[in-house]
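Let me begin by presenting the structure, written as structure tokens, before commenting on it.
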Amino acid sequence: MNAASTASETRTVRPEEPGKARATIGAIALVVVVLAGGFLSNADWGKLPDIFTEGGKYFSLMLKGLVQNPFSEPYSEYWSAALGGMLESISMAWIGTMIGAVLSIPMGFLAARNVSHPVVVQVTRVILNAIRTLPELVFAIILLLPIFGFGPNAGALALGIGAVGTLGKLTAEALEGIDPGPVEAARAAGAPGSAILRWTYWSQVLPEVLAFWLYRFEINIRASAILGIIGAGGIGSVLSQAFRYREWDFIGILLFVIIVVTVLVDAVSGAVRHRIIAGSGVSDTKVEQDAATL
Amino acid sequence: MTVAASPAAPARPRKPRPSRVLILGLVAVAATTAWAGWEIGFTLGPLLENFSNGWVVVEQFLHPNWSYLGNAWTAWLETISIAVVASFFGVAVGLVFAYMASRVTNRSTPLYRATKWFLAVLRSLPDVAYVLIFVALVGVGSLAGILALFIFNIGIAAKLTAETIDAVDQGPLEAADASGAGTFARARWAVQPQILPNFLSYALYIFELNIRSSVVIGYAGGGGIGQLIQVQFARFNFENVSAIVISMFVVVLLIDQLSQHLRRRLV
Amino acid sequence: MIELTGVTVRYPNGVVGLDDVSLTIPDGEFVVVVGLSGAGKSTLIRTINGLVPVTEGSLTVDGVEMAGASQRTMRDVRSGIGMIFQSFNLVKRTSVMNNVMMGQMHAIPAYRSLIGAWTADEKERAFRSLERVGIVEKAWTRASQLSGGQQQRVAIARALAQDPKVMLADEPVASLDPPTAQMVMKDLQRINRELGITTIVNLHFLDLARQFGDRVIGMREGRMVFDGTGAEADDAVFEEIYGRSLTADDVLPGQA
């Protein structure tokens, strides 16, 4: 005796299964859009098999570069160029983050609804959004190369400008999320505006903002490699040179250095971030989620 | 009577010294900044010295060549198409990796660890490195851009989605286990309905990111609007570059608005 | 038949969930397990379907040894045991039908379950399970749109769709209001009587325990301290099980 057999005697009306028309149309539309994309992108799909035919060959060449004695010529040069380039990239990212951090503090206060006048808030937000819309590469192209010339200095400034956009927005949002109690208490005690901003607003958001800065540093390391391809120096410039001459053993070493250093910096920066946040009473996941939009 | 006027004040507790970690941290930050600044030869001098040189260029930027936008729109179509294809396949594959990168859905510890490591390596390379690799493999053009963004998207989609999977309501999973459901069935029916709105929202976010990356992609040889910027920039046609940048501004804003509208309906 | 012989369960953090429990539950019985929270009621139920591993002793379900069984065996045994939870454990963002399907998932090949291609037979079986608890008309509704009592009935239907020999219920009415709790308990009793499914229910309301328990088992600090009929379980017995005098919280509100 089971559920199925006995119940069949008292069979009631079955509700009709709802139509799947909407889901089907949605799925078809998505497929059409993707197919159209595949066609309109002008991609030469016929070359797709090359990944498998050429890929294996190049990959083994890259590995070959890695396993060579790093103190023999020319590999010693490759390794020192890779490490030097990475160091320059990290410096660029660090200075860029510093510039962005310093500039984002006033921008954040100006863009916070519970601090500034509504008109000021709107104007600042438009500026921050405009910065966030454009990639760092565009700043480097438009503003910096004509004035600062090619090189890491221009790259750091471009990263700094880019960082102001995201850091300013996140700082403003953090300021808007503070506990208003201490602000009220400070006002009631007759504290001047500057003291209120420093000791109630800034004290409350400091851990969160520091975590955002570190996050931005991690992102800037990747972004600095991007700027390298237009000649802003760092590992990106070395990498695009190596690709130009198809020096696969060199490329292998470069990619290895990028991966290892980035993973290490992410781990250290992540640990510091968690430590800063752990003592602050702000939810760790909330900070992570906010920072995901960096 | 004021607070300060009380006679015979008892001993005041001494202000605690700042913690050693804090001092070391501040010294380290200052030292790193000084060293990094020296390493890249940081200076703001050119802003004053070269401003007149630069101003010539800036002036060209202030007079965008609007008529050039007629040429730009096919490149835009190409960029959007690249982003659509790369986002679609990237998030689809990323979803599979996300299931493998969460302990909730992946009960094999070695496989979980291996997936986490693989994704960390995948994410550590910037998109431009992938473009360079694929340009070398399949030549300059949109295909290299699509493949580069595809790989790049897998990393982001898998990370964001795996974090969402980690946070799902465990109740349905318990019920699935109690009824003897297999690994695939519990992932598909106890987890996926819970993460679907977030996942779709990530997919739209990744599409936005791909549009923003288009300059980089094209610059490195991956096709689309970036390639146009690179060519015009190399020929010093700054009026044309300026027009493209402004069109980029408009397109990115439009796509952000559209995607935010859709995302608000999802979550 | 379920047989426990000297079963001890120790959690990885050292807490002892069950302490040397020996117990035989014949087929078709309706057993109510009572005790304070933390007394081991939940552990008992979860151990029977292998969600919690046995540390010492032997536990057989229909002759299959669960202590130290492989994942594969464990899943097979679980597929024959329906389970109902205090918080229903439904996937709220999907239809009632898909939730009930979860009960049959052990028998559906992965390639079909991944795309949600249910056969007519599987759907019919889900309908019949829903019919048993009287909410067949909600089959295509989203689970999130149902009331608590309806959600628990869907959970019962999910368990029924497994075509189980044993039904385990962990505080099934603790999140429900008193009249709904009565109805859900009656559903469980009716299913037990009509289909002969062995049913083990954890409860903390003593009046419900007396009313529905053909057999009542009392747990305290991981040990079995009472085993008798509902009629034998008077206030003195409950005070012994709870280790304190009874209060109004121990009966279902509106019943005492």
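Proteins get letters first, then strands, A, B, ... in listed order; numbering begins at 1 in each.
Of the atoms belonging to Phe233(B), it is side-chain heavy atoms, and not backbone ones, that fall under 4.5 Å from chain A. Contact annotation for Val34(A): both backbone and side-chain heavy atoms come within less than 4.5 Å of a heavy atom of chain B. Contact of Ile221(A) with chain B is not made at all, since no heavy-atom distance falls under 4.5 Å. Within the 4.5 angstrom heavy-atom criterion, atoms from both the backbone and the side chain of Tyr219(B) approach chain A. Heavy-atom distances place the side chain of Ile146(B), and not its backbone, under 4.5 Å from chain A. The parts of Leu255(A) that come within reach of chain B are both its backbone and its side chain, each placing non-hydrogen atoms under 4.5 angstrom from that chain. Proximity to chain A (any heavy atom under 4.5 Å) is restricted, for Phe89(B), to the side chain, taken from C-beta onward. Contacts of Phe61(B) with chain A are made by side-chain atoms alone, with heavy-atom separations under 4.5 Å and no backbone atom involved. Only the side chain of Arg246(A) comes within contact range of chain B, with at least one heavy atom under 4.5 Å from a heavy atom of that chain. Residue Asp44(A) touches chain B through its backbone alone, counting heavy-atom pairs closer than 4.5 Å. Both the backbone and the side chain of Ala130(A) come within less than 4.5 Å of a heavy atom in chain B. Residue contact with chain B, scored on non-hydrogen atoms closer than 4.5 Å, involves the side chain of Phe243(A) exclusively. In this structure, chain A has no heavy atom under 4.5 Å from any part of Ile80(B). Contacts between Ile99(A) and chain B at a heavy-atom distance below 4.5 Å involve the side chain alone, from C-beta outward. Both the backbone and the side chain of Ile259(A) come within less than 4.5 Å of a heavy atom in chain B. For Val131(B), no part sits under 4.5 Å from any heavy atom of chain A, backbone or side chain. Within the 4.5 angstrom heavy-atom criterion, no atom of Ile235(A) approaches chain B. In this structure, chain B has a heavy atom under 4.5 Å from the side chain of Leu137(A), while its backbone stays farther away.
A salt bridge does not link Glu218(A) with Arg123(B): every distance from a Lys NZ or Arg NE/NH1/NH2 to an Asp or Glu carboxylate oxygen is 4.0 Å or more. The pair Arg222(A)-Asp266(A) meets the salt-bridge criterion, since a charged nitrogen lies less than 4.0 angstrom from a carboxylate oxygen.
Remark: side-chain polar atoms of Trp45(A) are paired, donor with acceptor, to backbone N or O of Gly38(A) under 3.5 angstrom. The backbone N or O of Phe238(B) sits nowhere less than 3.5 Å from a side-chain atom of Ser242(B) that would complete a donor-acceptor pair. Checked by atom type and distance alone, the side chain of Ser237(A) pairs as donor or acceptor with a backbone atom of Gly228(A) at under 3.5 Å. A donor-acceptor contact shorter than 3.5 Å links the side chain of Asn153(B) to the backbone of Ala86(B). Side-chain N or O atoms of Thr164(B) include one that pairs as donor or acceptor with a backbone N or O of Leu160(B) at under 3.5 Å. Using a distance-only test at 3.5 Å, with no hydrogens or angles considered, no donor-acceptor pair links the side chain of Arg273(A) to the main chain of Phe212(A). Under the 3.5 Å distance criterion, the side-chain polar atoms of Glu239(B) are left unmatched by any main-chain donor or acceptor of Asn65(B). Formation of a donor-acceptor pair under 3.5 Å by the Thr79(B) side chain with backbone atoms of Trp76(B) is not found in this model.
Side chain to side chain, Thr97(A) and Trp213(A) fail the donor-acceptor criterion of an N or O pair below 3.5 Å. For the residue pair Asn42(A)/Ser142(B), the side-chain donor-acceptor check at 3.5 Å is not satisfied. A donor and an acceptor atom, one from each side chain of Arg125(A) and Asn129(A), are nowhere located under 3.5 Å apart.
Counting heavy-atom pairs closer than 4.5 Å to chain A, the top-ranked of the candidates Leu122(B), Val135(B), Ile82(B), Val138(B) is Val138(B). Chain B forms the most heavy-atom pairs under 4.5 Å with one residue out of Leu48(A), Leu254(A), Thr53(A), and that residue is Leu48(A). Of the listed residues (Val215(B), Leu143(B), Val128(B), Leu253(B)), the one with the most heavy-atom contacts under 4.5 Å to chain A is Leu143(B). Counting heavy-atom pairs closer than 4.5 Å to chain B, the top residue among Val261(A), Ile90(A), Thr133(A) is Thr133(A). No other option in Ala167(B), Ala36(B), Gly25(B) has as many heavy-atom pairs under 4.5 Å with chain A as Ala36(B). Contacts with chain A were tallied for Thr32(B), Val121(B), Asp127(B); Thr32(B) has the most, counting heavy-atom pairs under 4.5 Å. Contacts with chain A were tallied for Ile211(B), Ile156(B), Leu147(B); Leu147(B) has the most, counting heavy-atom pairs under 4.5 Å. Among the candidates Leu239(A), Ile258(A), Leu134(A), Val138(A), the residue making the largest number of heavy-atom pairs closer than 4.5 Å to chain B is Leu134(A). The most heavy-atom pairs under 4.5 Å with chain A, out of Val29(B), Val85(B), Thr43(B), come from Thr43(B).
Counting heavy atoms of neighbouring residues, nucleotides and ligands inside a 6.0 Å radius, atom CH2 of Trp35(B) exceeds 12 of them. In this structure, Trp73(B) places its CH2 atom where only 12 or fewer heavy-atom neighbours from other residues, nucleotides or ligands lie under 6.0 Å away.
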Step by step, work out the side-chain hydrogen bond (donor to acceptor under 3.5 Å, both in side chains) result for Tyr215(A) and Ser269(A).
CA-CA 8 Å; Tyr215(A) 234 124; Ser269(A) 162; over 6 Å; no

